[in-house]
Amino acid sequence: MHIPQLRSRLGIDFFEDFLVKIFEALGNGLLYYSIEIFSIILIKSGLEKVAFLKELKAYNLNVTFSELFTLIVIAIFILIISQLIKDGYELRKENDLTI
């Protein structure tokens, strides 16, 4: 039995495609979350300066910019890993076709 037939029979292609989608969703989710929290913090700090919205200081998100920066870096690394997995998967498919 040839290797491509064995892989398709075992469902390995499905697993790798699923793995790439999981990493992309996780990376994109962390990136969007970090950007949204950052924008909320900026809007909140801008609204606190308005005289009648001083009570917004009672609402604290307990998130620092260093934590958001760390999340953004982690999200970028996860997206890079997903791209590497996708490229490796494409290279293996191309190599299987040449055999």
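A quick note: this is a predicted structure, and the numbers were derived from the prediction, not measured.
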Item to complete: State yes or no: do Leu31 and Val20 share one hydrophobic cluster built from I, L, V, M, F, W and Y residues joined by side-chain heavy-atom distances below 4.5 Å, directly or via other members?
Response: no
Listed pairs under 3.5 Å, donor-acceptor, residues 68-86 side chains, sequence neighbours left out:
unit_1, atom_1, unit_2, atom_2, d
Thr70, OG1, Ser66, O, 2.8
Ser82, OG, Leu79, O, 2.7
Gln83, NE2, Asp87, OD1, 3.3
Lys86, NZ, Glu24, OE2, 2.9

dist Phe38:CZ -> Ile43:CD1 (nearest 0.5 Å) comes out at 11.0 Å
